[in-house]
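Accompanying notes for the structure given below.
Everything quoted here is computed from the prediction, not taken from an experiment. The residues of the chain are indexed from 1 along the displayed sequence.
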Amino acid sequence: MRRVRTGGGWPAVAYTLKKAREAGGLWKFWKAMRSRNACKTCALGMGGQRGGMVNEAGSFPEVCKKSMQAMAADMQGAIPAAFWQRFGIAEMRAMTPKQLEAAGRLTTPLVVDQRDAQGRPAHYRPITWDEALERIVNRLAELSPDQSFWYFSGRSSNEAGFLLQLVARLYGTNNVNNCSYYCHQASGVGLASVTGSGTATLVLEDLDQCDLVFVIGGNPASNHPRLMRTLMDLRRRGGQVIVINPIRETGLVNFSVPSDVRSLLFGSEIASLYVQPHIGGDLALLTAVAKRLVEQGAHDEAFLSANTNGWEELKASYERVGWDELVAKSGVDRPTIDRIAEGYARSRGAVFSWTMGITHHAHGVQNVQAIANLALLRAMVGRPGAGLMPIRGHSNVQGIGTVGVTPQLKDAVFQRLQTHFGVTLPTTAGRDTLACMEDAAAGKLRFGLCLGGNLYGSNPDATFAAKALGALDQLVYLSTTLNTGHAWGVARETLILPVLARDEEPEPTTQESMFNYVRLSDGGPRRHDGPRSEVRLIAELADRLAQRLSAKQGPCQLGAIDWRTLRHTGNLRQAIAQVIPGMEALGAIDKTKQEFQIEGRTFHTARFATPDGRAKLFAHHLPPLAGGAPQEMRLMTLRSEGQFNTVVYEEDDLYRGVEGRRVILLHPEDLARLGLSDEQQVCVSGPAGRMEHVRAVAFPAIRAGNAAMYYPEANVLVGRTVDPQSKTPAFKCVLVRVEAQAPA
């Protein structure tokens, strides 16, 4: 497959027309994309009350392939009834993620009970809503609450997230967690340790004022394409973009923004400096740049003394570490380190952005703290036109966290929840996501409920993930379409409950962008009979469970709530406004239509959300650079251009010029060192398992000594090592062995 020379461009325009045809025509697709609903994909955030394809600054058109892919998927026809007779669990496991997604919309509740199969091939079968809900209530009524866990994706609304975490806690458990544990939890923990707030320190407009953006460990050209216009504008006004990534990504070198005629015709250079460290070398590289700044006297001593804690300790750590160690552990030479430092020293306003290339490490929190150190050295936090910007994944993953989806609530939220609803919440320690999986495998947990997402596909060690979910008595999915979790993450009894997409909800809902900006989605007409509103479904489930438990054991905490009132999103917003600090304006948003920035998170002055108002600096011990043995490679899992999170829309990777997904990308030097040839079949062995009959692809764009494979397919290799502070799994810097294998 030929690799394109620029991201976006005419192929993106052609793809738009293709998706419009799939969705029923250009006009129908246009109306869906322009409806007053928040975008369904990345947390960069678009849409809301200004209409689809508009950002919070009012810029139009702001659209990307990811948003169109998600919309087209929601506009699919229903999965035909014959599908469930033809395709059992075994046949579904033979389907690719793309095939499962493209099977159509889920429109009826489904169940598969392994005990009913009695040795016959297991199939999902349609059931009524009443039977589905009674099966769930019956199971929950049998269990101790702490034998359950409740998992939330970033697809759902603030209202649904708030309601379900309330249900789980009043049922009696704090095993409440969200998908951020497998992506940006290290960002939240790291940022909170520095500034007192776990989110971005800036607003979208700050990107229009800065003159330097660092893009570290990420590929927004594929995963957050709307950011590329911002980077294009920055370069046009004479600014810098410094990219730090082990792979030289096509779209970060040059991108043709389809909505800009000049860029579409001639392309736009994005990276002014492109640096390729070794996988796992980020902490050493960030430390090296900071050391060089201090050596040059380019740091702001007055700011550090007045507004930070830990400066003397950090400065001493820079003095202790030697240049030979920094170069060896980062894989970046001194002249390049000097160029980064010089470029940063020249800037008047710098924004530091990063994604999972930073967080998916055993020292992910330290990586984030090192980025913050670098920013604080020159007072690039606590002022306009500068700051820290984790580029978050799903559209409402940040909002889900804001409304209380976390094992341990903040003290203020805990107390307000109890006071507002007149209830007593559990105080037992809640489990993080991977801890839930491990305790499920150990038989300590027996029930799981997943509000969207693909818990199986998001997990490291895919073999273990299937075993853990398979050990549950009952697993419930609230989903719009099929994914690999429905095939591989199958408990003794598994139910799939079809729910409405965001733009089909009967009442307005809200979402939060990665810039702490809250949008209002109007909802809209349903596309299929059968699926239910997430909020109304959760409220009905809670009401039934409360009645069952009250009849069985007398008055219970669930019975203290009138769940019928909480089936309306307006009432939920009133509660959120009373309970969640910073969300006070949410209570009237459906009347005022005024979308808003959450207060207390944006730092345009050097007063931070810490107890003393000062930012915290952290000195780190540099871990050794992993790898180095014969046949061994440092591997990172990554996503393709035709993919969003675990959802695969296209099998080929257009920007990297790679056909298929069962591949390992290796530099030609490594192919030669390992005695392999391009397109040869190999076996790849990792900490958790092995993949056979993988194509070794010669890929000069990756830094020699490193390798890449597609997620989630390569999860079978990834062990369950986590960052000790955030519990985020180390999907990056996985040591693997690559060996030749005879063709299948």
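Between Ala362 and Pro724, the closest heavy-atom pair is O-CD, 3.4 Å. Closest approach of Leu283 and Ala370 over heavy atoms only: CD1-CB, 3.5 Å. Smallest separation of non-hydrogen atoms from Pro126 and Trp84: CG-CD1, 4.3 Å. Nearest heavy atom pair, residue Cys179 against residue Tyr151, reads CB-OH, 3.2 Å. Residue Leu717 comes nearest to Val734 through the heavy atom pair O-CG1, 4.3 Å, listed as atom of the first residue, atom of the second, then distance.
Separation of atoms OG1 (Thr96) and CZ (Arg662) is listed at 12.5 Å; rounding is to 0.5 Å. We find the CD1-NZ distance between Ile279 and Lys732 to be 9.0 Å, quoted to the nearest 0.5 Å. If you take OH on Tyr124 and CG on Leu495, they are separated by 8.5 Å, rounding to the nearest 0.5 Å. Separating the CG atom in Asp432 from the OG atom in Ser180 is a distance of 10.5 Å, to the nearest 0.5 Å. Taking SG from Cys450 and CG from Leu475, the interatomic distance works out to 5.0 Å, rounded to the nearest 0.5 Å.
Ser550 places no side-chain N or O within 3.5 Å of a backbone atom of Gln547 that could act as its donor or acceptor partner. Arg661 places no side-chain N or O within 3.5 Å of a backbone atom of Val648 that could act as its donor or acceptor partner. Listed for the Tyr181 side chain is no donor-acceptor partner under 3.5 Å among the backbone atoms of Ser726. With hydrogens and angles ignored, the 3.5 Å screen pairs no side-chain donor or acceptor of Asn516 with any backbone N or O of Ile598. A distance-only check finds no donor-acceptor pair linking the side chain of Asn178 to the backbone of Phe152 [under 3.5 Å]. Between the side chain of Asn175 and the backbone N or O of Ser148, at least one donor-acceptor pair lies under 3.5 Å. Looking at Asn396, its side chain does come within 3.5 Å of a backbone N or O of Ser156 through a donor-acceptor pair. The backbone N or O of Ala539 lies less than 3.5 Å from no partner atom in the side chain of Asp543, so there is not a single donor-acceptor pair. Side chain of Glu512 to main chain of Met514: no donor-acceptor pair is present (N/O by atom type, distance under 3.5 Å, no hydrogens or angles). Side chain of Ser157 to backbone of Ala160: a donor-acceptor contact under 3.5 angstrom is found.
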Next item on the list: Evaluate the salt bridge (Lys or Arg N to Asp or Glu O under 4.0 Å) criterion for residues Arg567 and Asp562: first the C-alpha distance (whole Å), next the side-chain angles of each, then the deciding distance (0.1 Å), finally the verdict.
Entry: CA-CA 9 Å; Arg567 69 194 300 269; Asp562 181 359; over 6 Å; no

Next item on the list: Go through Trp354 and Ser187 one step at a time and tell me if the side chain to side chain donor-acceptor pair (under 3.5 Å) criterion holds.
Entry: CA-CA 9 Å; Trp354 66 92; Ser187 294; 2.8 Å; yes

Next item on the list: List the steps, then state whether side chain to side chain donor-acceptor pair (under 3.5 Å) holds for Glu159 with Thr509.
Entry: CA-CA 7 Å; Glu159 293 80 3; Thr509 61; 4.7 Å; no

Next item on the list: List the steps and the verdict of salt bridge (Lys or Arg N to Asp or Glu O under 4.0 Å) for Arg502 and Glu504.
Entry: CA-CA 5 Å; Arg502 180 174 301 162; Glu504 300 172 324; over 6 Å; no

Notebook entry, point to check: Stepwise, does the side chain to side chain donor-acceptor pair (under 3.5 Å) test hold for Arg431 with Asn177?
Noted result: CA-CA 8 Å; Arg431 298 167 171 90; Asn177 48 73; over 6 Å; no

Notebook entry, point to check: What do the steps show when you test Glu505 against Ser521 for side chain to side chain donor-acceptor pair (under 3.5 Å), and what is the final call?
Noted result: CA-CA 9 Å; Glu505 285 282 352; Ser521 292; over 6 Å; no

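In Gln418, the CD atom is crowded: over 12 heavy atoms of neighbouring residues, nucleotides or ligands sit closer than 6.0 Å.
For the pair Lys616 and Phe618, the distance from NZ or CZ to the six-membered ring centre is under 6.0 Å and the angle to the ring normal is within 45 degrees.
Ion pairing between Glu131 and Arg135 holds under the 4.0 Å rule for side-chain N and carboxylate O. Using a 4.0 Å cut-off between charged nitrogen and carboxylate oxygen, Asp461 and Lys467 do not count as a salt-bridge pair. Using a cut-off of 4.0 Å between Lys/Arg side-chain N and Asp/Glu carboxylate O, Arg139 and Glu142 are scored as salt-bridged. Between Arg446 and Asp473, at least one side-chain N (NZ, or NE/NH1/NH2) sits under 4.0 Å from a carboxylate O, which counts as a salt bridge.
No side-chain donor from either of His360 and Thr728 sits under 3.5 Å from a side-chain acceptor of the other. Using modelled atom types and a 3.5 Å distance limit, the side chains of Arg519 and Gln511 yield no donor-acceptor pair. When only modelled atom types and interatomic distance are considered, Arg639 and Ser222 share no side-chain donor-acceptor pair under 3.5 Å. With hydrogens and angles left out, the side-chain atoms of Thr402 and Arg601 include a donor and acceptor closer than 3.5 Å. Residues Thr481 and Glu101 bring a donor and an acceptor atom of their side chains to less than 3.5 Å of each other.
Here the side chains of Asn223 and Thr355 are not in contact, with every heavy-atom distance at 4.5 Å or above.
Checked options Leu163, Ile538, Leu541; the residue passing with Trp563 is Leu163 (criterion: side-chain contact (heavy atoms from CB on, under 4.5 Å)).
Ring geometry for Phe162 against Phe421 counts as tilted: the plane angle lies between 30° and 60°, on a 0 to 90° scale.
Note: His394 and Phe644 meet the aromatic proximity criterion, with ring centroids under 6.0 Å apart.
Glu91 meets the side-chain contact (heavy atoms from CB on, under 4.5 Å) test with Phe87; sequence neighbours excluded.
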